[in-house]
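In what follows, a single structure is set out as structure tokens and then discussed.
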Protein chains: 2
Amino acid sequence: MDPQADYPPFAVTVDLVVLTVRADQLSVLLVRRAIPPHRGAWALPGGFVHADEKLADAAARELAEETGLTGPVGHLEQLATYGDPGRDPRGRVVTVAHLALLPDLPTPVAGTDADSAEWQPVDRVRTDRLAFDHARILADGVERARAKLEYTPLATAFCPPEFTVAQLRTVYETVWGTRLDPRNFHRKVTGTPGFVTAVGRATEGDRGRPAQLFRRGLATLLYPPMLRPTTPHGRDLR
Amino acid sequence: MDPQADYPPFAVTVDLVVLTVRADQLSVLLVRRAIPPHRGAWALPGGFVHADEKLADAAARELAEETGLTGPVGHLEQLATYGDPGRDPRGRVVTVAHLALLPDLPTPVAGTDADSAEWQPVDRVRTDRLAFDHARILADGVERARAKLEYTPLATAFCPPEFTVAQLRTVYETVWGTRLDPRNFHRKVTGTPGFVTAVGRATEGDRGRPAQLFRRGLATLLYPPMLRPTTPHGRDLR
DNA sequence: GAAATAGTGTCTCTCAGACAGTATTTC
DNA sequence: GAAATACTGTCTGAGAGACACTATTTC
């Protein structure tokens with residue numbers, strides 16, 4: 001493809017909004033950039049798409065490089081694409097942002113372009129200091145995650161393979177920043193077809209009555225959806 | 001940006017899924033390609049992003065070129081990005097697809113790269129003959145539109161500035177391919193805060209009692225959402 | 001036993017769906 | 001008047017929210 005007036009050359013990257021729930025905080029994986037531009041600043045993990053690589057594969061590769069994850073753990077989806085001229089001082093760079101939801105993992109590994117990588121609670125991120133337009137991307141990713149918990153079973157992506165209803169409730173409470181009635185939540189989750197399936201075993205050794213263990217179910221959409229309290233979803237007018 | 005192993009050059013395009021409701025059919029704007037590749041095949045309108053142009057501006061420019069629209073009519077949003085290697089024989093081309101919803105318009109204008117442009121009912125498009133991966137993009141766009149009618153007031157983007165409840169109902173029925181009870185629909189639309197606001201005038205000259213005219217309201221999300229009948233949203237398991 | 005957590009049952013209110021009935025126009 | 005479309009009212013059933021109550025564990 002010739003770089004001409006109508007066919008200007010672009011670089012294409014993938015950036016990742018990797019979210020997890022740890023210590024009752026919705027947290028995002030950030031790396032400290034070891035190379036310019038924005039050297040020393042915190043940024044979303046990401047990198048250039050290779051010459052013969054699908055976008056989704058590039059995102060999965062970057063995720064594996066940063067977290068060590070290989071298998072089908074958690075959830076990875078395309079978020080949105082950001083390509084304003086000037087968003088990267090190196091030239092015209094379009095980034096296809098992806099959203100990953102993962103269970104709580106060991107401390108992440110620093111990649112090749114990063115000094116260090118760490119989980120930061122999303123409401124404590126200094127968004128005004130993030131590299132590039134990553135503050136915007138992070139905000140969009142968090143909003144997408146919050147919305148998708150309502151009508152998909154993606155909350156289970158934040159959980160280990162087997163989990164209790166209380167663990168799942170903690171995910172909702174943490175991501176949404178709300179409190180949910182444990183009794184109504186239990187009835188809702190177990191009564192929504194395909195959301196979770198009982199393993200048949202229970203936890204042991206905790207305080208209180210042991211809880212049934214569940215795995216994620218087969219549904220890809222929840223009907224009826226989980227409803228977010230106090231902020232009844234779309235009341236953004238007036 | 002040097003084209004190297006890690007920084008391979010890409011071309012970036014925008015493609016448009018432009019939908020409208022006309023003659024009780026959900027229809028998409030397609031162009032017949034006048035230049036290779038896929039010369040003579042039907043395709044989504046689109047084109048290369050210019051060197052100093054935002055992605056959204058490129059989409060708006062292409063939309064204006066194809067439809068003649070300039071002002072803030074209808075709705076335009078980013079859909080998703082498609083970038084598999086080999087999706088375009090000219091080289092590595094990533095396309096940022098956008099979704100546009102418009103009221104019924106006069107016959108479209110052919111652009112510079114197209115012999116002709118026309119509205120085709122989406123369920124009569126020969127998807128196996130569309131250029132590139134446009135069948136997939138079209139399917140994703142239609143699905144996005146169907147889903148968004150549920151929880152946003154975007155159905156109004158298919159209507160002229162002033163419309164009746166029956167016109168709005170026809171949009172839902174056409175896009176969803178279902179029948180809705182006119183009485184319950186009326187109660188729901190007028191009772192959902194911010195969905196529509198009454199103009200104060202009524203239609204004249206039709207058969208039957210004149211209908212109140214409405215404009216779109218201020219809400220960006222509908223609460224409670226419109227519910228799609230017979231396919232209760234997420235019952236895709238079992 | 002007390003404390004803690006898991007899980008069930010019951011009441012009420014809201015709202016979607018069904019559909020009778022009324023209002024206002026054209027023919 | 002009949003036919004057509006616009007709109008209102010009423011009933012019923014499903015489900016969300018509130019919360020009393022029972023069950024099973026650790027201490």
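Letters A, B, ... mirror the listed sequences (proteins, then strands); counts begin at 1.
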Task: Integer-rounded Å distance: dT8(C) P and Asp181(A) CG - done: 14 Å
Task: Residues forming a side chain to side chain contact (heavy atoms under 4.5 Å, CB included) with Arg124(B), sequence neighbours excluded - done: Gln25(B), Pro121(B)
Open item on the list: As a test of understanding, state which of Leu29(A), Leu101(A), Leu44(A) forms a side chain to side chain contact (heavy atoms under 4.5 Å, CB included) with Val18(A).
Closed with: Leu29(A)
Task: With sequence neighbours excluded, residues passing side-chain hydrogen bond (donor to acceptor under 3.5 Å, both in side chains) with His98(B) - done: none
TODO: Output all residues satisfying side chain to side chain contact (heavy atoms under 4.5 Å, CB included) with Ala60(A), sequence neighbours left out; order by chain, then residue number.
DONE: Leu76(A)
Task: Minimum heavy-atom distance between Pro224(B) and Thr192(B), given as atom pair plus value - done: O-CG2, 4.1 Å
Listed pairs, N/O of protein and of nucleotides 3-6 of chain C, under 3.5 Å:
residue	atom	partner	partner atom	Å
dT5(C)	OP1	Arg207(A)	NH2	3.2
dT5(C)	O2	Arg209(A)	N	3.3
dA6(C)	N3	Arg209(A)	NH1	3.2

Open item on the list: Tell me the bend of the helix from dG1(C)-dC27(D) to dC27(C)-dG1(D) as the angle between end helix axes, each from five pairs, rounded to the nearest 10 degrees.
Closed with: 0°
TODO: For Arg215(A), enumerate each residue passing the salt bridge (charged side-chain N to carboxylate O under 4.0 Å, His left out) test, keeping only those at least two apart in sequence or located in another chain.
DONE: Glu162(A)
- [ ] Go through the structure and list residues passing side-chain hydrogen bond (donor to acceptor under 3.5 Å, both in side chains) with Thr13(B), not counting sequence neighbours.
- [x] Thr95(B)
Open item on the list: Please report the distance, rounded to the nearest Å, between CZ in Arg179(A) and C1' in dA16(D).
Closed with: 20 Å
Task: Contact list for residues 71-81 of chain A, test side chain to side chain donor-acceptor pair (under 3.5 Å), sequence neighbours left out - done: His75(A)-Glu77(A), Glu77(A)-Arg144(A), Glu77(A)-Lys148(A), Thr81(A)-Thr81(B)
TODO: Please report, rounded to the nearest Å, how far the C1' atom of dA18(C) is from the CG atom of Leu180(B).
DONE: 14 Å
Task: Results of side chain to side chain contact (heavy atoms under 4.5 Å, CB included) for Arg136(A) - residues two or more places apart only - done: Tyr82(A), Asp140(A)
Task: With Asp104(A) via salt bridge (charged side-chain N to carboxylate O under 4.0 Å, His left out) - residues at least two apart - done: Arg22(A)
Open item on the list: Going by side chain to side chain contact (heavy atoms under 4.5 Å, CB included), name the residues that satisfy it together with Ala166(B), two or more places apart in sequence or in a different chain.
Closed with: Thr164(B), Arg169(B)
Open item on the list: Could you tell me how far apart Phe185(A) (CZ) and dT8(C) (P) are, to the nearest whole angstrom?
Closed with: 14 Å
Quick one: which protein N/O atoms are closer than 3.5 Å to N/O atoms of nucleotides 15-17 of chain C? Pair and distance per line, please.
residue	atom	partner	partner atom	Å
dA16(C)	OP1	Lys188(B)	NZ	3.3
dG17(C)	N7	Arg187(B)	NH2	3.3

Open item on the list: How many whole angstroms separate atom CG of Leu168(A) from atom P of dG7(C)?
Closed with: 12 Å
- [ ] Figure out the CG/P separation between Leu213(B) and dA6(D), and round it to whole Å.
- [x] 11 Å
